[in-house]
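What you see is a predicted model; the values in this text were computed from it and never measured.
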Amino acid sequence: MERDAVIVAGFGFRSGATAASLRAALDAARIAGWPVTHLATIEDKAEALAELARLLVLPLIAVTPARIFGLATPTRSLASQAARGAGSVAEACALVAAGPGARLLAPRSISHDRMATCALAAGVST
């Protein structure tokens, strides 16, 4: 069975983040033009990202908190570390959702209002 390349946009965001905040973070992360194939975030925030996934016609992956806890990320946010046990929820979700051997394409990008972050990871679907 052949495995297909995936590029996952992982998101971390505050409870008050708007759809515009999420889109701005994604647009900032996609500045290099990477073709995103999936969106991902922590499972308790997946519903807030579902509208963007529907608009972009992309699958949404909900990542369990246990999967990102303790995962090393290039970016380290004290708030993310305290709340989720990972330096960057966006980077960690992107890496986990992109699968074993995934790599970040760049550190997380931050929306203009600082309410949302997005990081892209490349991997292969299994």
Side-chain angles (χ1 to χ4, degrees):
M1 175 183 203
E2 186 176 281
R3 299 183 322 170
D4 297 316
V6 296
I7 297 180
V8 177
F11 287 83
F13 52 96
R14 297 178 186 194
S15 295
T18 64
S21 299
L22 296 169
R23 185 60 189 249
L26 176 61
D27 289 347
R30 290 181 67 200
I31 197 94
W34 295 103
V36 172
T37 61
H38 296 75
L39 304 184
T41 194
I42 201 80
E43 70 181 353
D44 61 349
K45 295 212 173 184
E47 186 56 38
L49 190 57
E51 178 184 348
L52 182 59
R54 282 190 295 274
L55 286 171
L56 298 174
V57 192
L58 292 174
L60 175 60
I61 300 167
V63 177
T64 62
R67 302 264 329 263
I68 70 163
F69 189 85
L71 188 66
T73 58
T75 303
R76 289 179 182 80
S77 159
L78 292 177
S80 291
Q81 189 66 49
R84 303 295 184 165
S88 167
V89 172
E91 292 171 357
C93 285
L95 286 167
V96 167
R103 65 179 176 86
L104 284 177
L105 298 174
R108 70 179 184 181
S109 295
I110 304 171
S111 64
H112 54 86
D113 61 3
R114 305 195 60 79
M115 295 294 285
T117 60
C118 181
L120 303 182
V124 292
S125 62
T126 54

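Counting all heavy atoms, side chain and backbone alike, V63 lies closest to A97 at CG2-CB, 4.4 Å. Of all heavy-atom pairs between A92 and T73, the closest is N-CG2, 3.8 Å. Summarising the geometry of S15 relative to K45, their closest heavy-atom pair is N-NZ, 3.6 Å, with the distance given to 0.1 Å. When all heavy atoms of H112 and A20 are compared, the closest pair comes out as NE2-O, 4.4 Å. Pairing each heavy atom of L95 with each of A121, the nearest pair is N-CB, 3.9 Å. For the residue pair A106 and A119, the shortest heavy atom distance occurs at O-CB, 4.4 Å.
Cluster annotation: W34 and L60 are assigned to the same hydrophobic cluster (Ile/Leu/Val/Met/Phe/Trp/Tyr, side-chain heavy-atom contacts under 4.5 Å, transitive). Taken together through direct or relayed side-chain contacts under 4.5 Å among Ile, Leu, Val, Met, Phe, Trp and Tyr, F13 and I42 form parts of separate hydrophobic clusters. Hydrophobic clustering (side-chain heavy atoms under 4.5 Å, transitive across Ile, Leu, Val, Met, Phe, Trp, Tyr) groups I7 together with L22. No chain of hydrophobic side-chain contacts below 4.5 Å, direct or via other Ile, Leu, Val, Met, Phe, Trp or Tyr residues, connects V8 to L71. In the hydrophobic cluster analysis, where Ile, Leu, Val, Met, Phe, Trp and Tyr join through side-chain heavy atoms closer than 4.5 angstrom, M115 is grouped apart from L49.
Looking at heavy atoms from C-beta onward, S21 lies out of side-chain contact with R114 at the 4.5 angstrom threshold. With a 4.5 Å cut-off on side-chain heavy atoms, S109 and T117 do not count as touching.
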Any chance you could lay out the salt bridge (charged side-chain N to carboxylate O under 4.0 Å, His left out) test for D44 and R84, step after step, and finish with the verdict? CA-CA 11 Å; D44 61 349; R84 303 295 184 165; 3.0 Å; yes
Mind running side-chain contact (heavy atoms from CB on, under 4.5 Å) on C118 and R30 for me, showing each step along the way? CA-CA 9 Å; C118 181; R30 290 181 67 200; over 6 Å; no
side-chain contact (heavy atoms from CB on, under 4.5 Å) assessment of V124 paired with V6: CA-CA 5 Å; V124 292; V6 296; 5.8 Å; no
Worked verdict on F11 versus L26 for side-chain contact (heavy atoms from CB on, under 4.5 Å): CA-CA 8 Å; F11 287 83; L26 176 61; 3.8 Å; yes
Kindly determine whether L39 and L52 satisfy side-chain contact (heavy atoms from CB on, under 4.5 Å), including the steps that lead there. CA-CA 9 Å; L39 304 184; L52 182 59; 4.2 Å; yes
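Judged by distance alone, the side chain of E91 and the main-chain N or O of R108 form a donor-acceptor pair under 3.5 Å. Between the side chain of T41 and the backbone N or O of A46, no donor-acceptor pair lies under 3.5 Å. A donor-acceptor pair under 3.5 Å is formed between the side chain of S111 and the backbone N or O of A116.
More than 12 heavy-atom neighbours from other residues, nucleotides or ligands sit within 6.0 angstrom of CG on L55.
Here T64 contributes atom OG1 and E43 contributes atom CD; the two are 5.5 Å apart, rounded to the nearest 0.5 Å.
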